[in-house]
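Down below is the structure, laid out as structure tokens.
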Amino acid sequence: MNIKHFLDHSFTESLTDLAGSDTPGIVKQAQRAEFGHYQANGVMAAAKKLKTNPRELAQQVISTLNPEIFTTKIAGPGFINIHLHTSFIAGELNKLHEDQLLGVDPVEPTKIVVDYSAPNLAKEMHVGHLRSTAIGDAIVRILEFLGQDVIRANHVGDWGAQFGSILAYMDRLSQAGESLSTELKDLEKFYKAASALFKTDDEFADIARSYVVRLQGGDPKCLELWQQFIDESIHHSQEVYNKFDITLTRGDIRAESAYNDDLPVIVQELSEIQELLVENEGAKCVFFDEFKGKDDKPLPAIIQKSDGGYPYMATDLAAARYRTRVLNADKVLYVVGGEQLLHLRQVFAVGRAAGYIRDNQEFKHLPFGMILKSDGSRFKTRDGAEVKLIDVLNEAIDRAFVLVSDKNPSLSEVEKQEIANVVGLGAVKYAELSKNRTTDYIFDWDTMLSFEGNTAPYLQYAYTRIRSIFRRASLDSLEGKIELAEEAEIRLGLKLLQFPEAIESTLDDYQANVMCNYLYELSGFFNTFYEQCPVLNSENPTSRLLICELTARVLKQGLNLLGITTVEQM
RNA sequence: GCGCCCGUAGCUCAAUCGGAUAGAGCAUCGGCCUUCUAAGCCGAGGGUUGCAGGUUCGAUUCCUGCCGGGCGUGCCA
């Protein structure tokens with residue numbers, strides 16, 4: 001049950017009856033303990049509309065309600081503070097125990113495509129891919145938990161001019177008798193070597209350019225080299241996904257090149273729509289009044305370049321078309337950097353005009369900020385100045401290993417390694433997810449790999465404390481009822497009941513940090529409970545054990561929705 | 001120039017789309033391991049929410065102007 005929904009409906013209904021028109025109750029979780037558990041804020045706005053005294057209106061609202069489960073108090077200018085009965089909280093917790101979904105109501109499934117990660121296959125994944133990958137995967141997991149029909153879309157970059165020098169370099173190496181599979185072990189090095197040659201060696205640059213043309217022309221030898229490189233690169237990214245516990249698999253890849261055959265069709269279809277596609281300076285463009293460039297000049301969406309090539313506008317339109325016509329998506333979420341805001345607005349606008357996006361579909365850009373260096377300058381994305389993602393993950397695991405060895409030296413090497421994996425990777429993912437999606441953030445090893453305070457290990461640690469209690473209790477089964485008495489356990493209990501609300505507000509704007517905040521507060525409440533309320537030595541250990549078990553389930557499930565795993569001990 | 005985004009404690013970030021006394025972590029200082037793991041708990045200090053107006057019962061949030069920063073702005077993605 002979603003308590004906030006329940007209360008909001010009650011207060012909205014009451015206010016609407018009194019006001020004679022739709023009037024929201026605006027029920028929210030109270031921000032301070034002294035204001036109760038929830039508060040209804042809608043009275044003041046309603047009183048204004050009705051030109052009555054807000055406190056009197058609040059009194060009327062209260063008298064229409066039949067509050068079996070809560071008490072109310074009018075406060076300040078017209079707030080209604082709502083205090084849930086302890087017996088109600090305990091009762092709901094006991095019901096939660098039977099509920100696989102921990103209070104969350106499953107939805108009527110709709111088809112949702114989530115476009116995320118999308119690395120450029122010319123290079124290895126670097127920290128710049130962290131955001132889209134981690135955020136997208138968390139969104140996918142949460143939607144699936146609710147029962148949505150989710151399609152992961154990994155729109156990897158596997159085509160374009162950048163592959164010219166790579167193919168030319170592959171060719172040169174194989175002619176020199178080098179083993180390509182060895183050379184491709186370090187993609188980053190390979191890419192750098194190829195682009196360095198392109199810059200310094202004119203002959204090589206010419207060959208590289210000719211390879212681009214041959215590749216696009218379908219030259220078999222080029223395609224073979226290209227396929228070999230792509231396979232190797234996909235293998236690399238899959239290793240990162242596996243290590244980082246990202247749910248993407250090879251089957252989720254639909255690369256840019258998959259749309260190659262559709263690109264001329266896009267041009268053809270757009271040209272058939274009256275006055276949509278116009279030729280301008282040799283390029284085929286779509287102009288809309290809403291898009292303006294420098295000096296207020298109309299800004300085109302270029303569908304086909306003057307040299308006949310197709311920019312990513314065309315590919316993205318083809319992808320939109322595919323998602324509508326073939327996948328029949330209700331909703332498409334693009335987890336793509338904020339610098340592409342204008343581009344995606346153009347894609348959506350042209351897509352709508354062309355009928356590739358239908359009126360009943362929602363195509364939504366979920367932008368995220370850039371990663372900056374500690375001096376505030378940006379991590380470059382052109383020439384491999386990036387930190388490799390795999391290096392970040394390994395460093396995190398190494399640091400966690402040192403720490404766990406220090407904290408818990410009696411564990412076996414295998415156990416320490418497993419804990420280091422879970423803790424290290426969790427820390428990296430949480431550092432990413434716990435920040436507001438839309439703002440830029442500074443990449444800093446120590447911040448990202450911190451294991452103290454508001455970090456994944458804090459949540460994982462709370463979990464292990466619970467598991468430790470159960471190891472000591474060594475129960476065969478746990479039968480009984482939860483009874484609440486201490487303030488710390490009431491607060492914890494209510495927080496557990498608010499898991500559905502956390503999921504709801506997380507999806508409100510697809511902000512994973514909302515879920516992080518919830519889990520952090522939950523863990524904090526648990527740690528206070530842990531200090532103040534002995535479990536095994538209490539008068540009613542069963543009740544407290546049941547609270548512990550529920551906390552463990554919510555923590556584990558919540559972390560799992562973020563793509564973070566737990567361990568039994570740390 | 002124009003468009004979009006941002007500016008909150010020394011640092012990194014919150015603030016549940018207008019709510020009550022703006023909250024955490026890190027760092028600093030003080031207390032708590034003879035009871036379920038101290039990666040923890042309890043407490044202290046630290047703020048003119050960039051600046052100036054406006055809207056109203058009420059503004060970090062909405063509007064206007066300015067200052068500062070970022071991104072984007074026709075054939076890279």
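Below, read A as the first sequence line, B as the second, and so on, with proteins coming before strands; counting in each chain starts at 1.
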- Item | Partners meeting salt bridge (charged side-chain N to carboxylate O under 4.0 Å, His left out) with A/Arg209 (sequence neighbours left out) |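 Expected list: A/Asp206.
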
- Message: Among residues at least two apart in sequence or on other chains, which ones pass salt bridge (charged side-chain N to carboxylate O under 4.0 Å, His left out) with A/Arg553?
- Response: none

- Item | Pair A/Gln162-A/Asn120, side-chain donor/acceptor within less than 3.5 Å |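 There is such a pair between these side chains.
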
- Message: Is it true that A/Tyr259 and A/Asp316 share a donor-acceptor pair across their side chains at a distance under 3.5 Å?
- Response: no

- Item | Pair pattern of RNA chain B in dot-bracket, where unpaired bases get dots and | marks partners in another strand, Watson-Crick or G-U under 3.5 angstrom | (((((((..((((.....[...)))).(((((.......))))).....(((((..]....))))))))))))....

- Pair listing, salt bridge (charged side-chain N to carboxylate O under 4.0 Å, His left out) test, anchored in residues 26-52 of chain A, at least two apart: A/Arg32-A/Glu34

- Task: Not counting sequence neighbours, list each pair that qualifies as a salt bridge (charged side-chain N to carboxylate O under 4.0 Å, His left out) and has a residue in residues 418-430 of chain A.
- Result: none

- Using ring-ring contact (aromatic ring centres under 6.0 Å, His included) as the criterion, point out the one residue from A/Tyr458, A/Tyr430, A/Phe526 that pairs with A/Tyr520. A/Tyr458

Test side-chain hydrogen bond (donor to acceptor under 3.5 Å, both in side chains) applied to [X] - qualifying residues, sequence neighbours left out:
| X | answer |
| --- | --- |
| A/Glu501 | A/Gln29, A/Tyr38 |
| A/Tyr510 | A/Lys331 |
| A/Tyr334 | A/Arg323 |
| A/Arg55 | none |

- A/Asp508 side chain, from C-beta outward: closest of B/U37, B/C42, B/C17: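 Looking only at side-chain atoms, A/Asp508 lies closest to B/C17.
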
- Classify every nucleotide of nucleotides 20-27 of chain B by which part a protein heavy atom approaches to under 4.0 Å, writing B for the base, S for the sugar-phosphate alone and - for neither, in 5'-to-3' order. BB-SSS--

- Expressed in whole Å, how much space separates the C1' atoms belonging to B/A22 and B/U28? 22 Å

- Expressed as a whole number of Å, how far does the C1' atom of B/G23 sit from that of B/U8?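 Comparing C1' positions in B/G23 and B/U8 gives a spacing of 11 Å.
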
- Message: Can you pull out the residues from residues 278-296 of chain A that lie within a 4.0 Å heavy-atom distance of RNA chain B?
- Response: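 Only A/Asn280, A/Glu281, A/Ala283, A/Cys285, A/Phe287, A/Gly293, A/Lys294, A/Asp295 qualify.
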
Enumerate the protein-to-nucleotides 9-14 of chain B contacts in which both atoms are nitrogen or oxygen and the separation is below 3.5 Å.
unit_1, atom_1, unit_2, atom_2, d
B/A14, OP1, A/Asn436, N, 2.5
B/A14, O2', A/Asn517, ND2, 3.2

- Decide whether a cation-pi geometry holds between A/Arg465 and A/Tyr530; the criteria are a distance under 6.0 Å from NZ or CZ to the six-membered ring centre and an angle within 45° of the ring axis. yes

- Item | Ion pair check, A/Glu188 and A/Lys123, cut-off under 4.0 Å | no

- Task: Provide, to the nearest angstrom, the distance between the CG atom belonging to A/Asp509 and the C1' atom belonging to B/A15.
- Result: 15 Å

